[in-house]
Amino acid sequence: MDVFRSGGGRKPRWASFENLSAAAGAAGSANRGAKGSPCAALAAGGSLTLLDVRGSGLIGRIWLTLNERSPETLRACRLEMWWDAASAPAVSVPLGDFFGVGLGRMTAFESEFFASPEGRNFVSFLPMPFRRAARIVLHNETAQDLTLFYDVEFLLDVPHEEDVLYLHASWRRERPNRLGDDFEILPRVEGAGRFLGCNIGVIVDPRYAHAWWGEGEIKMWLDGDADLPTICGTGLEDYVGTSWGLGRFAHRLQGCPVCEVAQRQYCFYRFHSDSPIYFYQNCRVAIQTIGGAMRELVVKLQREGAGLIPVTCATLDGKQYIPLMERPQQPTDAADASLPEGWYNFFRQDDWSATAYYYLDRPGGCAAALAPAPERTAGLRTDIQGTERADV
């Protein structure tokens, strides 16, 4: 944005508890203007409307924090957004997961679209245009009362051209994923739009010991693709910009702000603002649920009954990459004497969840219905021995 240009009639507005209507000349009236209403109670089982305005506008920033920020709370609170008075929300996701980091986790980080400067609050810079109306509601689906501070910063009287799209976000989880199937980040959506990116959370299943879990490739089916996608990556860590494993980092378009090996928890993100993923009929995005280990460990895991399906073998000298799924005998036994030593990739099962961000040419409707709060919050805490805590 050219910061030296006139606003051209666009009107800045902030909605907060000091001015819920975001009306002109109406802010800061409580307590004679002396910080009279910075926050409000969000009752257990209740909801608060954060924004409800009419007109054509553009939301540029949302800032928000709660007095209680456990993973269970951040997963149980549900954030919803409606554009142009549509009958269904375009955004319906767990509160914490919406703001760029999965698993209800809080950590200090900054990306192009989200930030938490010190790991105590949430900031969104996602541009959210609307033509006739905008409404944002936060639902407290926990059993405890909460205290909420927030503001939504936006412009009114913003003219939008015909190609301006509406922000959507949806969330889904598989605990565990189906063995041998891809995990859908974005179920198929119809219409014209743009896949902006995603954040993903993985809780690694301890059945696989120290085997690596992140060998899966990203896939994107565009505009009528059938069995095979148009886009396919080379590996999970490759998709988020690194290689040969995954450590903690947080960059503008890619990052892994949570990397806890002992707790078996990873959160990572990738945005496509610089490498756009446009679609004109439909779009579906998924990632393979594949891990890998040296042959000795894979054989051991198979013998112990861990759910896995070997898919490829890379020989120790690096000269062969053997496609095991093309062998007539399925599933492959890694202990087969005819197979060489090396690194074996295999389908496996873990706890996967993801928030998908995308823009569409229609104002309402999510790609996936949000699961009930008990399903969203189950098993979020793990101890260092790799088992779920009994009190969760």
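- One distance of note links CG of Asn67 with CG of Leu42; it measures 9.5 Å at 0.5 Å rounding.
- Using a cutoff of 4.0 Å between basic side-chain nitrogens and carboxylate oxygens, Glu80 and Arg78 are scored as salt-bridged.
- Side-chain atoms of Asp238 do not come within 3.5 Å of backbone N or O of Ser243 as any donor-acceptor pair.
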Verdict with supporting geometry, Trp352 and Ile200, side-chain contact (heavy atoms from CB on, under 4.5 Å): CA-CA 7 Å; Trp352 288 81; Ile200 299 175; 3.8 Å; yes

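- Residues Glu18 and Ser37 have side chains that never bring a donor and an acceptor to within less than 3.5 angstrom of each other.
- A donor-acceptor contact shorter than 3.5 Å is absent between the side chain of Thr73 and the backbone of Arg69.
- At a threshold of 4.5 Å between non-hydrogen side-chain atoms, the residues Asp333 and Gln302 count as touching.
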Stepwise side-chain contact (heavy atoms from CB on, under 4.5 Å) check, Val93 with Met81: CA-CA 10 Å; Val93 296; Met81 303 180 186; over 6 Å; no

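- Dense packing is recorded around CZ of Arg327, with more than 12 heavy atoms of other residues, nucleotides or ligands lying under 6.0 Å away.
- Counted by atom type alone, Arg381 and Gln263 present zero donor-acceptor pairs between their side chains at under 3.5 Å.
- Counting only heavy atoms from C-beta outward, the side chains of Leu186 and Glu184 never approach each other to under 4.5 Å.
- Looking at heavy atoms from C-beta onward, Asn345 lies in side-chain contact with Tyr321 at the 4.5 angstrom threshold.
- In this structure a side-chain-to-backbone donor-acceptor pair under 3.5 Å is present from His160 to Gly57.
- Comment: Asp151 engages Arg61 in a salt bridge, judged by a side-chain N to carboxylate O separation of less than 4.0 angstrom.
- A 4.5 Å side-chain heavy-atom check between Val299 and Leu297 finds every atom pair outside the cut-off.
- Inter-residue side-chain proximity for Trp82 and Val91 is flagged as unmet; no heavy-atom pair is nearer than 4.5 Å.
- Residues Arg284 and Asp225 are not paired through a salt bridge, judged by the lack of any N-O separation under 4.0 Å between the basic side chain and the carboxylate.
- A salt bridge does not link Glu110 to Arg252: none of the charged side-chain nitrogens sits closer than 4.0 Å to a carboxylate oxygen.
- Aromatic ring centres of Phe113 and Phe271 lie closer together than 6.0 Å.
- Judged by distance alone, the side chain of Gln254 and the main-chain N or O of His251 form no donor-acceptor pair under 3.5 Å.
- Looking at residues two or more places apart in sequence or on another chain, you find no side-chain hydrogen bond (donor to acceptor under 3.5 Å, both in side chains) involving Glu326.
- With sequence neighbours excluded, no residue forms a ring-ring contact (aromatic ring centres under 6.0 Å, His included) with Phe109.
- Between Ser353 and Arg75, the side chains place a donor N or O and an acceptor N or O closer than 3.5 Å (distance only, hydrogens not considered).
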side-chain contact (heavy atoms from CB on, under 4.5 Å) evaluation trace for Leu370 with Trp171: CA-CA 6 Å; Leu370 187 60; Trp171 180 92; 3.5 Å; yes

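- Salt bridge absent: Asp52 and Arg135 never bring a charged side-chain N and a carboxylate O closer than 4.0 Å.
- A donor-acceptor pair shorter than 3.5 Å cannot be found between the side chains of Tyr166 and Asp361.
- Atom-to-atom distance recorded for Arg270:CZ and Leu253:CG is 7.5 Å, nearest 0.5 angstrom.
- More than 12 heavy atoms of other residues, nucleotides or ligands sit less than 6.0 Å from atom CD of Gln144.
- Phe279 CZ to Leu360 CG: the interatomic distance, rounded to the nearest 0.5 Å, is 5.0 Å.
- Without hydrogens or angle criteria, Asn199 side chain to Asp97 main chain gives a donor-acceptor distance under 3.5 Å.
- The backbone N or O of Leu156 sits nowhere less than 3.5 Å from a side-chain atom of Arg13 that would complete a donor-acceptor pair.
- Remark: side-chain polar atoms of Asp84 are not paired, donor with acceptor, to backbone N or O of Ala86 under 3.5 angstrom.
- Atom CG of Leu51 and atom CD of Glu153 lie 12.0 Å apart (nearest 0.5 Å).
- Thr315 places a side-chain N or O within 3.5 Å of a backbone atom of Gln320 that can act as its donor or acceptor partner.
- Under the ring-ring contact (aromatic ring centres under 6.0 Å, His included) criterion, Tyr358 pairs with His168, not counting sequence neighbours.
- Taking CG from Leu236 and CG from Leu246, the interatomic distance works out to 6.5 Å, rounded to the nearest 0.5 Å.
- A distance-only check finds a donor-acceptor pair linking the side chain of Asn282 to the backbone of Gly224 [under 3.5 Å].
- Put simply, the side chain of Val101 reaches to within 4.5 Å of the side chain of Pro257, judged on heavy atoms.
- Trp213 has its ring centre less than 6.0 Å from the ring centre of Tyr266.
- Remark: Leu222 CG to Ile277 CD1 distance equals 7.0 Å, nearest 0.5 Å.
- Legend: residues meeting side-chain hydrogen bond (donor to acceptor under 3.5 Å, both in side chains) with Asp157, ordered by chain and number and at least two apart, are Lys11.
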His272/Tyr359 under ring-ring contact (aromatic ring centres under 6.0 Å, His included): CA gap, chis, key distance, verdict: CA-CA 12 Å; His272 298 278; Tyr359 287 90; over 10 Å; no

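- Between Lys300 and Glu296 there is no salt bridge, since none of the side-chain N atoms of the basic residue sits less than 4.0 Å from a carboxylate O of the acidic one.
- A salt bridge does not link Arg248 with Glu260: every distance from a Lys NZ or Arg NE/NH1/NH2 to an Asp or Glu carboxylate oxygen is 4.0 Å or more.
- Between Ser116 and Glu118, the side chains place no donor N or O within less than 3.5 Å of an acceptor N or O (distance only, hydrogens not considered).
- The side-chain heavy atoms of Phe183 and Gln288, taken from C-beta on, include no pair separated by under 4.5 Å.
- Arg303 is not listed as a side-chain neighbour of Leu301, based on a closest heavy-atom distance of 4.5 Å or more.
- At a cut-off of 3.5 Å, with distance as the only test, a side-chain donor of Ser273 or Glu112 sits close to an acceptor on the other residue.
- A centroid separation of less than 6.0 Å is found between the aromatic rings of Phe114 and Tyr357.
- Ring orientation note: the planes of Tyr280 and Tyr278 are tilted relative to one another, at an angle of 30° to 60°.
- The six-membered or imidazole ring of Phe17 lies near that of Tyr150, with a centre-to-centre distance under 6.0 Å.
- In this structure, Ser56 contributes its side chain and Val158 its backbone to a donor-acceptor pair below 3.5 Å.
- Using a 30° and 60° split on the angle between ring planes, Trp63 and Phe149 fall in the perpendicular class, above 60°.
- In this structure, Arg348 satisfies the cation-pi test against Tyr208, with its NZ or CZ atom closer than 6.0 Å to the six-membered ring centre and inside 45 degrees of the ring normal.
- For Glu375, there are no side-chain hydrogen bond (donor to acceptor under 3.5 Å, both in side chains) partners two or more places apart in sequence or in a different chain.
- Residues meeting the side-chain hydrogen bond (donor to acceptor under 3.5 Å, both in side chains) test with Asn121, sequence neighbours left out: none.
- Using a 3.5 Å distance cut-off with no hydrogens or angles, the side chains of Arg178 and Thr289 do not pair a donor with an acceptor.
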